[in-house]
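Below: one structure, written as structure tokens.
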Amino acid sequence: MDTKVIRVDEQHMDEAVIREAGEIIKAGGLVAFPTETVYGLGGDALNPTSSKKIYEAKGRPSDNPLIVHIADMEALPAIVKEVPEAAKKLAAAFWPGPLTMILEKSAAVPGETTGGLDTVAVRMPSDRVARAFIKASGGYVAAPSANRSGRPSPTRAAYVEQDLAGRIELILDGGDASLGLESTIVDLTVETPVILRPGFVTEEMLREALGAVEEDATLYRDDSGQAPKAPGMKYRHYAPNGELTVVRGAERAVAAYINERLDEGRLENKKTGVIATDETLEGYRADVPRSVGKRTDVSAVAKGLYRILREFDDEGVELIYSESFDGAGVSQAVMNRLLKAAGHKITDV
Ligand code: TXA
Ligand code: MG
């Protein structure tokens, strides 16, 4: 299969291109599309065959449920058993935007889309191209991140092409994703809502909208002895090919420790990489030093992380050390992804 790539400008959207993309979905095909978080690999959420194709193209286990993307609130009631008060509150506060809600599903959503679960993940993205595309597709687009399973989520069309060329009909190129990390996932099917994946809609923001909110015990550690509640979070996602370790501590101690490890790695003829910040980059002796941006700008760090992990793979980096990004708010999402990429390997210095 030849994969077409078409550039779409959010300001001057070519309606014919959006229509073409929608027709592919309606005919049971697959289209990758931009969202504000990461690119999605879309298929018709109400067509079981389309969902099977998504799993195949992605190389993903089919017990890992997909997120159903909608373009407006009117689309929600048809795919859920009921719209609980909490969902209304969160939709009013954060939709369209980087928030996914888990709700009881209706019979309209096939088990192929939800990995056999009775619940469904729903998100209304804010990206204008995404919304136009979802509408043109019939209103319900199932989409995981548009990477091959195990690779970092793609933040630009070229990365989707690296992973999925030849496997899908079309890639809509909307430029770089503005946020760069996947949506926050919150489970509303339990008594107290639970965060299953941290993101740009932070714990504090959810608490403000809902009152009490809990966090899945497995988000930042792997020694809880529990399985994560979002089936996808149990897989070692976002993994670079190189061995990644996160180092936590005072700035100077971290740099000194990492430089020693980098020197050791070089003696073993390993290609080394480091994830640093603008403030610290110059102090590292890595083959491939990379800054994720200013430490004081955590949104920039979030936006750059997956790009850098991909660059290490492209450069054949074998040994990677990263600074740590502890803190509240979006830092929680950054640390969650970084720790997963590192297989939870973290050293305190
Ligand atoms: O920002 C995003 O959410 C992106 C863009 C494309 O919208 N999508 C995305 O999808 O990250 P994916 O498939 O890579 O991650 C979805 C996560 C998985 O960990 C999956 O297990 C979880 O959501 N999930 C989906 N449905 C669920 C359900 N019914 N119950 C619990 N977890 C669910
Ligand atoms: Mg993913």
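One-based numbering, in listed order, for ligands and for the atoms of each. Fair warning: this is a prediction, and the values are worked out from it, not measured in the lab.
- Within ligand 1, the atoms closer than 4.0 Å to a non-hydrogen atom of G40 are 6 (C), numbered from 1 in the order shown.
- Using a 4.0 Å cut-off between charged side-chain N and carboxylate O, D163 and R151 make a salt bridge.
- The distance from the Mg ion (ligand 2) to the nearest N/O/S atom of S145 is under 2.8 Å.
- For ligand 1, the atoms sitting less than 4.0 Å from at least one non-hydrogen atom of I67 are 3 (O), 8 (N), 9 (C), 10 (O), 16 (C), numbered in the order shown with element in parentheses.
- Residues P154 and R310 are in side-chain contact: their nearest non-hydrogen atoms beyond the backbone lie under 4.5 Å apart.
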Start with the C-alpha distance between V160 and T3, add both sets of side-chain angles, then the distance that settles side chain to side chain contact (heavy atoms under 4.5 Å, CB included), and finish with yes or no.
-> CA-CA 11 Å; V160 179; T3 302; over 6 Å; no
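- Proximity to P144 (heavy-atom distance under 4.0 Å) selects the following atoms of ligand 1: 10 (O), 12 (P), 13 (O).
- Every N/O-N/O distance between Y39 and ligand 1 stays at or above 3.5 Å.
- Relative to atom 11 (O) of ligand 1, the option among E36, E104, K105, R197 with the closest non-hydrogen atom is R197.
- Proximity of T114 to ligand 1, defined as any heavy-atom pair under 4.0 Å, is not found for any part of the residue.
- By the neighbour-count criterion of 12 heavy atoms within 6.0 Å, atom CD of E204 is densely surrounded, having more than that number from other residues, nucleotides or ligands.
- Those atoms of ligand 1 that come under 4.0 Å of a heavy atom in H69, given as number and element, are 5 (C), 6 (C), 7 (O).
- Ligand-side atoms of ligand 1 in range of A121: 25 (C), 26 (N), 27 (C), range being under 4.0 angstrom from any heavy atom.
- Residue T37 approaches ligand 1 through these ligand atoms, each under 4.0 Å from one of its heavy atoms: 1 (O), 2 (C), 4 (C), 5 (C).
- For R252, the CZ atom sits in a loose shell: 12 or fewer heavy atoms of surrounding residues, nucleotides or ligands are nearer than 6.0 Å.
- Proximity annotation for atom 17 (C) of ligand 1: of I185, L196, D63, I185 comes nearest, heavy atoms only.
- A salt bridge links R248 to D326: at least one charged side-chain nitrogen sits closer than 4.0 Å to a carboxylate oxygen.
- Annotation for D118: atom CG does not count as buried by contact number, only 12 or fewer foreign heavy atoms lying within 6.0 Å.
- Among K58, R60, E182, the residue whose heavy atom sits closest to atom 13 (O) of ligand 1 is R60.
- Closest approach of V38 to G180, counting heavy atoms only: CG1-O, 3.9 Å.
- The contact set between ligand 1 and L117, taken as ligand atoms under 4.0 Å from a residue heavy atom, comprises 28 (C), 29 (N), 30 (N).
- L179 and Y159 are not part of a single hydrophobic cluster, where members link through side-chain heavy atoms under 4.5 Å apart.
- Atoms of ligand 1 lying under 4.0 Å from any heavy atom of S183, numbered from 1 in the order shown and given with element: 1 (O), 2 (C), 3 (O).
- The N/O atoms of T119, backbone and side chain alike, include one that comes under 3.5 Å of an N/O atom in ligand 1.
- Within a 6.0 Å sphere centred on CG of D2, other residues, nucleotides and ligands contribute 12 heavy atoms or fewer.
- Between atom 28 (C) of ligand 1 and the options I102, V141, T184, D216, the minimum heavy-atom separation is to I102.
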